[in-house]
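Each remark here refers to the structure printed beneath this line.
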Amino acid sequence: MGRRFFIHMAVTLAIGLICSSAYYYAICQGLRRTKEFFPGRLNHILYDTTRYDAVFMGTSRVSNGIDPLIFDSITHLHSYNAGMEGASFSAVDLFTRRFVRNHHPRYVFLNIDIYTLEKENSLYDFPQYYPHLGDSDIVVLSKKKKELSFGKYAPFIAVSYIDDYLKGVALDEYLDIYPADDLTCSHRGFSPVRSVDYHGVSEKIPLAFSYDTANFRKLEALCRYCIDQHCEVIFIMAPIYGAFDNGKSNAADFYHRLKNLESKDGVGELNFYLDDRFTKDMFVNRTHLNRNGAQQYSQLMGDSIKHILSHKR
Amino acid sequence: MLFNSLEFLIFFIVVTAVYYLTPYRWRWLTLLLASCVFYMALIPAYILILLCIIVIDYTAALYIEKETGRKRKIYLGLSIAANLGVLGFFKYYHLLVRITDYLCLHYHLQPLPYLDIILPLGLSFHTFQSMSYTIEVYRGNYNAERHFGFYALYVMFYPQLVAGPIERPQNLLPQLHLDIPFKYENLWQGLRLMLWGLFKKVVIADRVVGYVNPIFNHPGDYHNLQILAGVLAFTIQIYCDFSGYSDIAMGAAKCMGFDLMINFRRPYFAANIRDFWTRWHISLSTWFRDYVYKPLGGNRVGNGRLYLNVLVVFVLSGIWHGTNRTFMLWGFIHACYFILYLMLSGFLKPFNNSLLKIFGWGFTFMIVALAWIFFRAENVGTAWLMLSKIFARDPNFYAFTPLEYFKTFSIAMSIVLCSYMFIVEYIADPRLIWFNERHKADMLFCGFTLFLVLSFGVFDHQTFIYFQF
């Protein structure tokens, strides 16, 4: 019976591990090819070489808030929304450099807000990066999340981290059965929030401003890189519903350094933070705009940029 | 320590290995220490409550056996009172406070103080198991256990400590005394059962919970078909969650050579409500049958008394789950089903054919599913709202809300995986013994199930539903 037990064990493990590894590779292949949803945006940033005039970089506050089609209709530019949900500044830094290298935009609109530069090392929704573990930049990110390395060394474990959402997207790529609509990322990266109701404060949102000086140095280096690549950097500060500063923050120091950076490197600034044109009915929570808010934000952004560009001309 | 966690996997491997490496005379101690560690992983202090119950029942059983006449009854009464007292204090104290608050308001009395009580894990299970021991000793069906360690292990045996099966002394205690040699077939059968339990928990129960929670939390936002789908999803969830736990418990015990009692026998294939209750949570339903229903007279009484007995048993079964009125109503609804079945079964006997059986299966499944609304709903109002929405005329009846693609994928996967589960259970239940002599099918089944667990499992460490009882 001992021999039979070990044969049973070996065959069971072989079937289970081989099948789940094969399934993992199939999902990764589908995700690498998709143009839809946020895996599609990631593919676009990493591998596509379409030329754009402008790019919006940042977190979900960018991807949810700025519609490039509205912005382009006002400014007559060709722009892309490359905001990545939950991106830490390390990820924003990496994706901005990659986008600039691949797409050569003239303008980089970099979203800077109260928690962009906080000390954050974890990687949000890391399974979306599994298909790209062959990419040297993603390997840098993977060092921040040990589970991401399973994708290389233990794909049968990695597959357990990939949720139904990503599996569905991968299958969609194979079967091509889901038509893109205005809620996908197919509109140049824009992915609006479905809901229009205000859901209150998200527990994940910090109530105090805090920034990490090491990240600020990274920001300075990023600005210099963009300028070297002949890009104009413009900081944007997205609208927020209600103030955040609880008095214990280092916000004043941050704004001081930011102003210095702007004046030193000639970086522009568009500040919509606490802009009273954004009312509660335009938010889904304190930091994220709903579809109506995104429309308003894109229009105001377009008007401001149009104004700046006309002055330059 | 959850069965669906990495900590448990390590714990299980270490305990099983140490168990077999320990000489026979110390194995009970190994298992007892492991069970203590398992129990103390959540709130260590609560082990003292368990120890109290063990000491009381151990002593009571010795005296019951030694004494004769009325004294035996007194010792049994003391044992039951102690068990129910502990259970009542931790589980029903808040209900008592609510009742006394109401009375104090009207009669200007001093209300009972509110206490911040957390229910000890699995209290309802091990108090019932402990009571079954003293009752069996009282009835003369089992001799009192002399060895305190073995008795403590009977109550605390870690695989079934927190959510059953509620064992009987006749089944488990003699096994604990045996010198069980290591057998590869026990290990294989145990691991296979554990894998199957894990599949039911992480692949099905924890997957469908994503549809269940939003619908039960905000039923007003959904139309009748969606609510019905949510109810069916909960029907699947509770079965897979609880029977998944039982399978892992039975599997873990089997690896060490112990056979725990079967807790589920394909309950959703029941042809009628009576049949359902011989298949669902068997260890609890037989407990109530043996220690409540039969002492009340069972079915050897007139119809009126019989119906009353059924009502008492089911309402008590509902109360066993908790103080919320929804549990009582759930028990009451099942009592009504059962009584109606008893009334009508005589008329249905002449039509006992396969078509009626298929109809009976579908009908039983639906009425059981509807009763689960009361089990899961936050309160009676929510349950009624859901029921009324299911049966109300809804203008959106044919207008399916367009689903996001990933949800469609998820729903499709859930249906496929549930079908796989029902087919396997139909063929191989109980304990998957069908595979014992079919080696190729066995390897294929285990390999494929492992693939499903790894590829479609939801590993967010959702707790088991029955841990709250």
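In what follows, every heavy atom counts, from backbone to side chain, and hydrogens, waters and symmetry copies are set aside. Chain A is the first sequence line, chain B the second, and so forth, proteins listed ahead of strands; every chain is numbered from 1.
- The distance from atom CZ of Phe451(B) to atom CD1 of Ile15(A), rounded to the nearest 0.5 Å, is 11.5 Å.
- With rounding to the nearest 0.5 Å, the separation of CG in Leu191(B) from NE2 in His8(A) is 12.0 Å.
- At a threshold of 4.5 Å between non-hydrogen side-chain atoms, the residues Tyr184(B) and Phe6(A) count as touching.
- Contact count versus chain A (heavy atoms, under 4.5 Å) is highest, among Leu187(B), Val453(B), Leu195(B), for Leu187(B).
- Between atom CG of residue Leu450(B) and atom CG of residue Leu13(A) there is a gap of 6.5 Å, rounded to the nearest 0.5 Å.
- Options Val11(A), Ile162(A), Asp163(A) differ in how many heavy-atom pairs under 4.5 Å they form with chain B, and the most are formed by Val11(A).
- Contacts between residues 18-30 of chain A and chain B, counted as heavy-atom pairs separated by less than 4.5 Å, involve Cys19(A), Ser20(A), Tyr23(A).
- Neither the backbone nor the side chain of Phe445(B) comes within less than 4.5 Å of any heavy atom in chain A.
- Between Ile7(A) and His439(B) the shortest side-chain heavy-atom distance does not fall below 4.5 Å.
- Residue contact with chain A, scored on non-hydrogen atoms closer than 4.5 Å, involves the side chain of Arg207(B) exclusively.
- For the pair Thr449(B)/Thr12(A), no side-chain contact is recorded, criterion being any heavy-atom separation below 4.5 Å from C-beta on.
- Proximity of Met9(A) to Trp188(B): side-chain heavy atoms (C-beta onward) are separated by under 4.5 Å at one or more points.
- Taking 4.5 Å as the heavy-atom cut-off, none of the residues of residues 421-428 of chain B approach chain A.
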